[in-house]
Number of protein chains: 2
Amino acid sequence: MPDIGDLRTRCVLPIGTVIQLTDLTARQIRYYEAQDLVHPERTAGNHRMYSLNHVDTLLEIKGQLADGFSLADIKQLMHPRHHEPNSDEEVRQMLRDELMNQSRLNQGSKLQQGFGFRP
Amino acid sequence: MPDIGDLRTRCVLPIGTVIQLTDLTARQIRYYEAQDLVHPERTAGNHRMYSLNHVDTLLEIKGQLADGFSLADIKQLMHPRHHEPNSDEEVRQMLRDELMNQSRLNQGSKLQQGFGFRP
DNA sequence: GATAGATGTTAGGTTAAGTCACATTCACCG
DNA sequence: CGGTGAATGTGACTTAACCTAACATCTATC
């Protein structure tokens, strides 16, 4: 009787399923992995297997990308290095503020532009 | 943004995953399907895809088999035909009584032997 | 207009899964 | 005992899904 409870973290989904669930392409999913943003397991035959948490992460990434962040930015946001140019606090807050993701129509990486309003 | 909520019913698991989750063989899983006990979806390429509910069903089947029921029995238990030789009530109860699945060391189909104790 | 980031696309190779047929095991029954 | 049916194993062969790697494309920035 295997534990079915830890399904959130169990890698049971092949990439095809993840594609459906996230509406990302295989190329994108693999690229994000190459950028160290997701770390699926592998089957004995080297096929990627994802958990539901992985899917959530991918959806987060998708959202952040749509909000104008670069993959490098997102990596920082997810694995906060201590005390970088942009104070972690602000950055953290930005993450939570995903609620107000209206102004997704900018260009360039948000982290390079700073967040403050300087008129 | 696809609905991730209905994961219980969404067919996202390939048979390989189901094998791991249930500890059944592909042969068994396919056979139970042939006996009309599970009905996975199919991908465009004809590969079976299962939901978590399907996995539960398979685990139920596995349990009932271990308890001495035949697949035909189990089919009856799952899709109760009205008013058969064995009163549905008794049968239903047997299902719930899976708690006490001690006496799995019998032979033959339970449904053919009747449940009553006649000394 | 060269560069870097993100993604598309194609080619070639391997694994996972599909069907189908035949073999096996075992309890049952005349 | 020999035959039968239910459940499962196994092998052959085919196809879908996935893998890596390389090269192309698009776009924003310098």
Side-chain angles (χ1 to χ4, degrees), chain A residues 11-50 54 58 61-77 104-114, chain B residues 11-50 54 58 61-77 104-114:
Chain A
C11 293
V12 294
L13 310 172
I15 199 172
T17 293
V18 176
I19 289 172
Q20 294 180 188
L21 257 31
T22 61
D23 217 9
L24 295 167
T25 67
R27 183 67 165 97
Q28 288 174 304
I29 296 170
R30 295 192 190 115
Y31 184 62
Y32 303 160
E33 178 183 354
Q35 304 307 309
D36 256 322
L37 290 172
V38 272
H39 306 92
E41 292 181 357
R42 299 284 185 131
T43 68
N46 201 36
H47 284 197
R48 274 166 262 250
M49 293 298 280
Y50 300 84
H54 285 136
L58 287 169
I61 294 171
K62 186 181 179 182
Q64 302 291 346
L65 275 178
D67 286 356
F69 292 94
S70 72
L71 290 183
D73 294 344
I74 298 170
K75 188 172 174 181
Q76 295 293 317
L77 298 181
R104 82 180 89 287
L105 305 169
N106 301 333
Q107 69 271 39
S109 157
K110 284 247 177 100
L111 279 191
Q112 312 302 352
Q113 341 179 143
Chain B
C11 293
V12 294
L13 310 172
I15 199 172
T17 293
V18 176
I19 289 172
Q20 295 179 189
L21 257 29
T22 62
D23 218 10
L24 295 168
T25 67
R27 183 67 166 98
Q28 288 174 304
I29 296 170
R30 297 194 189 115
Y31 185 61
Y32 303 160
E33 178 183 354
Q35 305 307 310
D36 255 323
L37 290 172
V38 272
H39 306 91
E41 292 181 358
R42 298 285 186 132
T43 67
N46 201 37
H47 283 199
R48 276 166 261 250
M49 293 298 279
Y50 301 83
H54 285 136
L58 287 169
I61 294 171
K62 185 180 178 182
Q64 302 292 345
L65 275 178
D67 287 354
F69 292 94
S70 73
L71 290 183
D73 293 344
I74 298 170
K75 188 172 174 182
Q76 295 292 316
L77 298 182
R104 80 181 91 288
L105 306 170
N106 300 336
Q107 69 271 38
S109 158
K110 283 248 177 95
L111 279 191
Q112 312 304 349
Q113 339 181 143

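Letters go in sequence order (proteins before strands), and every chain restarts at 1. Just so it is clear, the structure is predicted and the values come from calculations on it, not from any experiment.
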Between P of C:dA16 and CD1 of B:Ile19, the distance in whole Å: 11 Å
Interatomic distance where CD belongs to B:Glu33 and C1' belongs to C:dA17 [whole Å]: 13 Å
For B:Leu24, the option from B:Ile15, B:Val18, B:Ile29 that meets side-chain contact (heavy atoms from CB on, under 4.5 Å): B:Ile29
Over all atoms of both residues, closest heavy-atom pair of A:Thr25 and A:Ile19: C-CG1, 4.4 Å
Check: A:Gln64 main-chain N/O paired with A:Asp67 side-chain donor or acceptor under 3.5 Å: no
Distance-minimising heavy-atom pair for A:Thr22 and A:Lys62: O-NZ, 3.0 Å
Short side-chain N/O contact from A:Arg48 to OP1 or OP2 of D:dC18, under 4.0 Å: no
Polar-atom pairs under 3.5 Å, protein N or O versus N or O of nucleotides 3-8 of chain C: list them with distances, or write none.
residue : atom : partner : partner atom : Å
C:dA6   : OP1  : A:Leu71 : N            : 2.6
C:dT7   : OP1  : A:Gln28 : NE2          : 3.1
C:dT7   : OP1  : A:Tyr32 : OH           : 3.0
C:dT7   : OP2  : A:Tyr32 : OH           : 3.1
C:dT7   : O4   : A:Arg27 : NH2          : 2.9
C:dG8   : OP2  : A:Thr25 : OG1          : 2.8
C:dG8   : N7   : A:Arg27 : NE           : 3.1
C:dG8   : O6   : A:Arg27 : NE           : 3.2
C:dG8   : O6   : A:Arg27 : NH2          : 2.7

A:Cys11 side, atom SG; A:His47 side, atom NE2 - distance, nearest 0.5 Å: 15.0 Å
Residue-level proximity of residues 38-47 of chain A to DNA chain D when a heavy atom falls under 4.0 Å: A:Arg42, A:Asn46, A:His47
Gap between atoms CE and C1', on A:Met49 and D:dC19 respectively (whole Å): 14 Å
Spacing between B:Ile29 atom CD1 and D:dT8 atom P, to the nearest angstrom: 11 Å
Results of salt bridge (Lys or Arg N to Asp or Glu O under 4.0 Å) for A:Arg30 - residues two or more places apart only: none
Residue of the set B:His39, B:His54, B:Glu33 for which side chain to side chain donor-acceptor pair (under 3.5 Å) holds with B:Arg48: B:Glu33
Interatomic distance where OH belongs to B:Tyr50 and P belongs to C:dA17 [whole Å]: 10 Å
Whole-Å distance separating the CG atom of B:Leu24 from the P atom of D:dA7: 14 Å
Smallest separation among heavy atoms of B:Pro40 and B:Met49, with atom names: CB-O, 3.5 Å
Pairwise distance CG(B:Asp23) to CG(B:Leu58) - rounded to 0.5 angstrom: 12.0 Å
Interatomic distance where CG belongs to B:Leu13 and C1' belongs to D:dA17 [whole Å]: 16 Å
